[in-house]
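A short worksheet on the structure shown next.
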Amino acid sequence: MSIKQKSIERNIMFSLLWYTVFTLLLLWAFQVMFLNRYYHIMQKTSIMQAGSQVAQHIWSEDADTQLERICFSHSMCCLVLDEKGESYSSIDMLGRSCLIHSPARFSLVKLINPVLSGRQAEQVLRVKDNHFRNESLVYAKAVQSAEGQRRIIILNASLDPVGSTIGILKSQLKIISLVLLLMALMLSKVVARRLSRPLQRITSQAKRLAQGEYVADYDGGGIAELDALAQTLNFSAGELSKVEDLRRELVANVSHDLKTPLTMIKAYAEMIRDLTGDDKPKRDAQLDVIISESDRLTALVTDLIRISRDGEQNRPLSLTAFDLRKMVQVIIERFGQTNPEYTILLQCEDDATVYADESSIGQVLYNLISNAINYTGADKQVTVRLSRQPNGLLRTEVRDTGAGIPEKELSLIWERYYRSRNTHQRPVAGSGLGLSIVRGVLTNHHAPFGVQSRVGAGSCFWFELPMADINRALQQMAPAEPSAPQA
Ligand code: ADP
């Protein structure tokens, strides 16, 4: 057992023991120590209440019946005297033990005088009856009618000895104390075990997380807080395993992407060395392949550097006016050489001079056209269209005829490392970084961008840049909020 589990058990045990001891102390105090005093206070309150009730009914017509009822319910005897001290009414519920009906055992004078003289409104005396060796409470109260008549109410209740009751309670409380303490100990063990077992399990499972085993099988054992902890750990394990999958996938993709151009470069260089000889056109074509594959390598490494810097969105832009049409043509040419079986069309308006960061926009175009080539349909056709918009922006569209992107994935494809698992009909080497770079560059430009796609019909990625009218461009470059990708 670990220190933590012990401390849980100890905590519960101490709490339960404290609770039990406190309950027992309360029981002992009220049932044993204060029982006598408590009983006397209760009896005194009872006799005074009865006195008030009798005072209320003493002048009524059914005074005797009421008196009898009150005496019966309070187990006491009652004597009502007139001013001269003569008995007006008398009820005896205590029989021989009634003091006020036994002048030999109790003198009423001492009780009545202070009340009659008006020195005290009412008086309660605790009196020892030597005859029966017990105690009694005697109460006196003077009342006056509306006509000025006075009467004295005298009540008597016996104080039963509680010593034997206390003895019984004491022996019962001893047993109860023992049982409660044992139960507290047992209960603390059971509860501690119930709590510590799932915790112990979760701890040993969590150790596996540290060792890179991302299994989401935590169980809180039906205890709400532990279930919440288990759920959080399950979630974390799931997320960690996703990150781990992405990492593996990325390493695999990047390695693949690096290997393909390297193999090509090596193969073409060997061809030039061993086979081509002095055939200049052939050698030039092969050198072009080497150059374009080197460009691909450079682009991939640039992608990785940009991504690892994680600062694309904050990188200061170097804005210049440049001809986007020319840039697209160069990129299309480059792709055409390495992908001669693909038709890449350019549709363009006359003026396509934009004001933007040239190298970043080149990166965007490279990624979008490369994706279009990778994902286009069997007709192997890609169209790039540049068109001036009524708002003065130049819209660039890169359209393919491929499988398209399901609607639920449209917002995900811009995420870093995201690669769809469903839409690829053929294996496409990719890092899942391209579109996240595109998003970073265009967001940095505050440029609207997005994608329209229909499953089975193809996709159209687009973005809009300000034309190179510098004044107007500057106004349009700094909107309050960056625009979100639009589907
Ligand atoms: P990748 O290197 O995988 O192409 P990207 O970030 O460029 O990474 O793209 C992310 C994902 O978006 C791709 O894996 C693919 O599923 C989807 N995607 C991108 N462009 C297209 C497209 N033209 N047609 C269909 N799906 C695309």
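Keep in mind that what you see is a predicted model, and the values were worked out from it rather than measured. Indexing begins at 1, ligand by ligand and atom by atom, following the structure's order.
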Does only the side chain of Phe461 get under 4.0 Å from ligand 1, or the backbone, or both, or neither? Count heavy atoms.
side chain

Using a strict 4.0 Å cut-off to heavy atoms of [X], name the atoms of ligand 1 that fall inside it.
{"X": "Ile405", "value": "25 (C), 26 (N), 27 (C)"}
{"X": "Ser459", "value": "24 (N)"}
{"X": "Ile413", "value": "10 (C), 12 (O), 17 (C)"}

Between Arg208 and Gln211, a side-chain donor and acceptor under 3.5 Å
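No donor-acceptor contact under 3.5 Å links the two side chains.
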
For Ile272 and Gln286, which heavy atoms make the closest approach, and how far apart are they?
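The answer is CG1-OE1, 3.5 Å.
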
Indicate the atoms forming the closest heavy-atom contact of Tyr218 with Ile202, along with that distance.
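Shortest heavy-atom contact: CE2-O, 3.9 Å.
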
To the nearest 0.5 Å, what is the distance between CD on Gln31 and CD1 on Ile176?
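So the gap between those two atoms works out to 8.5 Å.
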
So, for Phe449 and Phe461, is the gap between ring centers shorter than 6.0 Å?
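Phe449 vs Phe461: aromatic centres not under 6.0 Å.
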
Has Asp400 got any heavy atom lying under 4.0 angstrom from an atom of ligand 1?
yes

Using a plain distance cutoff, I'd like to know if Leu435 has any nitrogen or oxygen under 3.5 Å from a nitrogen or oxygen of ligand 1.
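The answer is yes, given that Leu435 and ligand 1 share an N or O pair closer than 3.5 Å.
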
Is Asn371 close to ligand 1, meaning an N/O of one under 3.5 Å from an N/O of the other?
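Indeed, backbone or side chain, Asn371 has an N or O that close.
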
Should we count CZ of Arg454 as having more than 12 external heavy atoms under 6.0 Å?
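It does not: Arg454 CZ has 12 such atoms or fewer within range.
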
